[in-house]
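Take a look at the structure set out below.
Note: hydrogens, waters and symmetry copies are ignored here, and every other heavy atom, side chains too, is used.
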Amino acid sequence: MRITVIEHEAGAGLGFFEGWLGVPCEVVRPYLGESVPAHAPDGLIVLGGEASAWDDEGYPWLPATRDLLRTSVANGTPTLGICLGAQLMTLACGGAVERGGEGLEVGAREVVALPEAAADPLFGALGRAPAVQYHQDAMTALPQGAVRLAAGEQYPNQAYRLGERAWAVQFHPEATPEIFAGWGADEGLVVEVKRAEEDLVEAWRPMAEAFGRQVVDQAVRSGGHAAS
């Protein structure tokens, strides 16, 4: 059993998630010439990066990544899009992503669970929590049938679920303070994220663990893999 992970750049890896998911990961690095697969048999995570979700010329693997996301959502494969990954999922499934009108959202910024999150397998325990942010593009229209799960002050669409087993998050629950520091943010923001580390772990480790359980449970239901 493996979670397929699409990594868009070396500085935006799995971070905290490497120790939280509880399921081995196979990391695909298309920026190094590795091919994006057509299917993710057990689970899929698409990470963030500096690309815009529509910049196919600058990042020629993005069309294949959108196709993979579209296929995974349609197949009911447990899927998680993070920041750029969330924006790619949004475009792939019929929503809209644009340059955000409220400027750069960066640092440890609060996200708030919406009432619809109460029954969600990943977000059911979330109330208000800090989340690492670094983006200016925004999901301005969600795919048809998407259920909004969390909002923020600067950009309202912070998390949604599509179908039963696909999630998109605009923020970076996987980002450690060290990863955030590598993105070149102002030193004050780096200190802010470091101070929030305990709260970040408390908020987002349960979400990552819940996603890992979704992968295991779906594999068991499908009969394709053992749960070990």
Closest non-hydrogen atom pair between [X] and [Y], with its separation:
X	Y	answer
G212	V23	O-CG2, 3.7 Å
Q158	A151	CG-C, 3.6 Å
A196	A108	CB-CB, 4.2 Å
A159	F171	CB-CE2, 4.4 Å
E197	F16	OE2-CZ, 3.9 Å

Salt bridge present between [X] and [Y] (N-O < 4.0 angstrom):
X	Y	value
R205	E209	yes
R66	D56	yes
E34	R29	no
E192	R195	no

Quick check for you: to the nearest 0.5 Å, what is the distance between [X] atom [atom1] and [Y] atom [atom2]?
X	Y	atom1	atom2	answer
S72	D42	OG	CG	10.5 Å
Q214	I3	CD	CD1	11.0 Å
E110	R128	CD	CZ	5.0 Å
E174	L200	CD	CG	11.0 Å

W20 ring center near F211 ring center (under 6.0 Å): no
Sole residue of L14, V5, I45 in side-chain contact (heavy atoms from CB on, under 4.5 Å) with I82: I45
Strictly distance-based, threshold 3.5 Å: is any side-chain N or O of [X] a donor or acceptor partner for the main-chain N or O of [Y]?
X	Y	result
T176	I179	yes
R109	V111	no
W167	A86	no
D120	L122	yes
R165	G76	yes
Q218	P78	no

Contact check, side chains of [X] and [Y], non-hydrogen atoms, under 4.5 Å:
X	Y	answer
R148	E116	no
Q133	H172	no
E178	K194	yes

Candidate pair F17 and W204, rule ring pair (Phe, Tyr, Trp, His ring centres under 6.0 Å), full reasoning: CA-CA 9 Å; F17 275 27; W204 306 118; 9.2 Å; no
Contacts of type salt bridge (Lys or Arg N to Asp or Glu O under 4.0 Å), residue E153, not counting sequence neighbours: none
Under 3.5 Å side-chain donor-acceptor pair for Q170 and Q87: yes
Between T4 and E26, a side-chain donor and acceptor under 3.5 Å: no
Fellow cluster residues of W54, listed by chain then number, with links counted only when side-chain atoms sit under 4.5 Å apart: I6, V28, Y31, L32, V36, L44, V46, Y59, W61, L62, L68, L69, V73, L84, L88, M89, L91, V97, M139, L142, Y160, L162
Would the number of heavy atoms belonging to other residues, nucleotides or ligands and lying under 6.0 Å from [atom1] of [X] be above 12?
X	atom1	answer
Q136	CD	yes
E202	CD	no
E18	CD	no

V191-F180 co-clustered via ILVMFWY side chain contacts under 4.5 Å: no
Same apolar cluster (I L V M F W Y, side chains within < 4.5 Å links), V112/M207: no
Geometric class of the Y155/H135 ring pair [parallel <30°, tilted 30-60°, perpendicular >60°]: tilted
